[in-house]
Amino acid sequence: MLPVEQQLKVITSGTMQIVPVEELKAKLEKGVPLNIKLGVDPTSPDLHLGHAVPLRKMRQFQDLGHNVTLIIGNGTALIGDPSGRDSTRPPLTEEQVEANAQTYVEQAMKVLDPDKTSIVYNGDWLKPLDLNKMLALMSKFNVARILEREDFHKRYANNQSIALHEFIYPVLQAYDSVVIGADLEMGGNDQIFNLLAGRDLMRAEGMEPQIALTVPLLVGLDGAKKMSKSYGNYVGLTDEPNDMYGKLMSINDDIIPMYFRLCSTLSVDEIDAIDAAFADGSADPYLMKRELARNIVDLYHGAGAGKLAEEAFDAQFKRNEVPDDIAEYAAADVVELNDEGLVYLPKVLIACGIAASAGEARRAIDGGAVKLDGAALPAKSYNIDPAQLASGTVLQSGKRKWARLV
RNA sequence: GGGGAUGUGGCACAGCGGCAACUGCGGCGGACUGUAAAUCCGCUCCCUCUGGGUUCCCUGGUUCGAGUCCAGGCAUCCCCA
């Protein structure tokens, strides 16, 4: 294993807080692999780059020679983590949890090293808990302490409801740490209370308390809000390579270093150098962003995928070539003649998935966005000669929506 | 349990009884670019559209005409107990 100082350099890169650092140092100095815990409630089947931030951190631990336990919260999901919420989470059904857990693990393994990861389900030990044990656990916590945390405090102060079972969430999460004997637990920065609860409970059980490590919430592609599917500012881990590359190319310059830090596979030294280059203005943001996009595409789609995505990107957006993997539609299926022997183009655009409604299609035409074989149509050209839609014609709306007639 | 307020397009916020509905954000498209930023222009409910249809929590009512008035319902928020 690397010297403690070097390990710490990697560990602290891109983290929010480590409580307490001295204890972590002491644990590392023992020179044995630590047990690193990450608990996830599979609330959604699709992971994005934001979810991958703690996973990346886990991977760094693995590369340093430590072991990682990924806890699938099929027990805790029955409550729903109240962290950062202003209302009670709807509970998931067992089937949802089951299905989500499977895709979660699949996606997580793109980041983690499967050989150094053990995957466990906390329902295995949480569901069999009997009343005695539950009460014993709950007696270790007190209400005033739990009410101190910001999310509960706010809800309480604002007269928003807090269901009693939500208080139990940190208790169960803490118990997970006891069961697996965690040395360190990580989470997003809204998780700090739950992580500290684990410390308290472990201490109460006479164990060496875990270290709490938090990573920041990743900012979304818009550079403003946190990355989230509902904001539409995310890069999904299963997004197609070209898509992923394109989305990353659209980010603002000033979040490039942060994305390198939290999402890329570059070494800490390399990332530090990039930070420095951005700080003194010597960095070329455009080239850096291309490197970032390649790196992340490689990570999720295999080495070389980034380069291919970049070439496709250059062809499509720099040289305005027709992308080669566009959807094809049989002209016979999509092209309909009206009484005058003309084709109502908006219908064709809808059939080819280029427009959501005829109105949208008409607006796109009027706005000069729609092109046939690269030639823009004049405004109001809604009814066109079917000869313009012969087999082989490429339909385009804007730079991103394409279809080919066959 | 008592009292008060509010419910408008993805979000935010206007709207004297004549509105497909102000404005901002966001989004899309165009120009310019590095699918960055900044800036400028157009669009942003549906419909083969100088027109038609369906909208402003729900249900009824008043009216030639209701997002706007009335009644009841539902939801949310605030104050007091």
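Each chain gets a letter, A, B and so on, in the order its sequence line appears, and its residues count up from 1. Keep in mind that the numbers below use all heavy atoms, side chains included, and drop hydrogens, waters and symmetry copies.
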Using a 4.0 Å heavy-atom cut-off across all strands, classify [X] as base, sugar-phosphate, or nothing.
X	value
A/Phe317	base
A/Asn338	base
A/Ala358	sugar-phosphate
A/Gly246	base
A/Ile256	nothing
A/Lys347	sugar-phosphate

I'd like the [atom1] distance from [M] over to [N], given in whole Å.
N	M	atom1	answer
B/C56	B/A21	C1'	8 Å
B/G52	B/U33	C1'	42 Å
B/G10	B/G4	P	33 Å
B/C64	B/G72	P	24 Å
B/A38	B/U44	C1'	23 Å
B/C46	B/A20	C1'	11 Å
B/C69	B/U76	C1'	24 Å
B/U59	B/U48	C1'	36 Å

Ignoring backbone atoms, establish whether [X] has a side-chain N or O less than 4.0 Å from OP1 or OP2 of [N].
X	N	value
A/Ser357	B/C47	yes
A/Tyr286	B/U33	no
A/Arg362	B/G42	no

Nearest-Å distance, [atom1] ([X]) to [atom2] ([N])?
X	N	atom1	atom2	value
A/Ile354	B/G29	CD1	C1'	14 Å
A/Met288	B/A36	CE	P	19 Å
A/Arg319	B/U35	CZ	P	12 Å
A/Lys318	B/U33	NZ	C1'	12 Å
A/Arg363	B/G42	CZ	P	16 Å
A/Asn320	B/U33	CG	P	12 Å

Looking at NZ of A/Lys226 and CG of A/Leu218, how far apart are the two atoms once the value is rounded to the nearest 0.5 Å?
->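 These two atoms lie 11.5 Å from each other.
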
Pairwise distance CG(A/Leu217) to NE2(A/His51) - rounded to 0.5 angstrom =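 Separation between the atoms: 10.0 Å.
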
How far apart are the C-alpha atoms of A/Thr117 and A/Asn67, what are their side-chain angles, what is the distance that settles it, and do they pass the side-chain contact (heavy atoms from CB on, under 4.5 Å) test?
-> CA-CA 6 Å; A/Thr117 307; A/Asn67 296 318; over 6 Å; no

Suppose we define a pair by two distances each less than 3.5 Å, Watson-Crick or G-U wobble; what does [N] pair with here?
N	value
B/U39	B/A31
B/U63	none
B/U55	none
B/U6	B/A75
B/A12	B/U23

Short side-chain donor-acceptor distance under 3.5 Å, A/Glu336 and A/Tyr344 |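 Not at all, the side chains of A/Tyr344 and A/Glu336 share no donor-acceptor pair under 3.5 Å.
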
Confirm from the modelled atom types if A/Asp253 and B/G34 form a donor-acceptor pair under 3.5 Å, side chain to base only.
->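 Indeed there is one.
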
How should the glycosidic conformation of B/C11 be described, syn or anti, under the criterion that syn lies within 90° of 0?
->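 It is anti.
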
Nearest heavy-atom neighbours spanning A/Tyr382 and A/Pro346 |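 Between these two residues, the closest heavy atoms are O-CD, 3.6 Å.
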
Output yes when A/Asp284 and A/Lys289 qualify as a salt bridge under the 4.0 Å nitrogen-oxygen rule, no when they do not.
->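 No, A/Asp284 and A/Lys289 are not salt-bridged.
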
Whichever of A/Lys401 and A/Glu360 has its nearest RNA chain B nucleotide further upstream toward 5' =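 Result: A/Lys401.
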
Along RNA chain B (nearest heavy atom to each residue), the more 5'-positioned of A/Lys399 and A/Asn383 |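 Result: A/Lys399.
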
Verify the stacking flag for A/Phe313 against B/U35: centroid separation must be under 5.5 angstrom and the ring planes must differ by under 30 degrees.
->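 Stack criterion met.
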
Checking side-chain hydrogen bond (donor to acceptor under 3.5 Å, both in side chains) against A/Glu185, which of A/Arg199, A/Gln173, A/Gln191 comes through?
->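 Of the listed residues A/Arg199, A/Gln173, A/Gln191, the side-chain hydrogen bond (donor to acceptor under 3.5 Å, both in side chains) partner of A/Glu185 is A/Gln173.
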
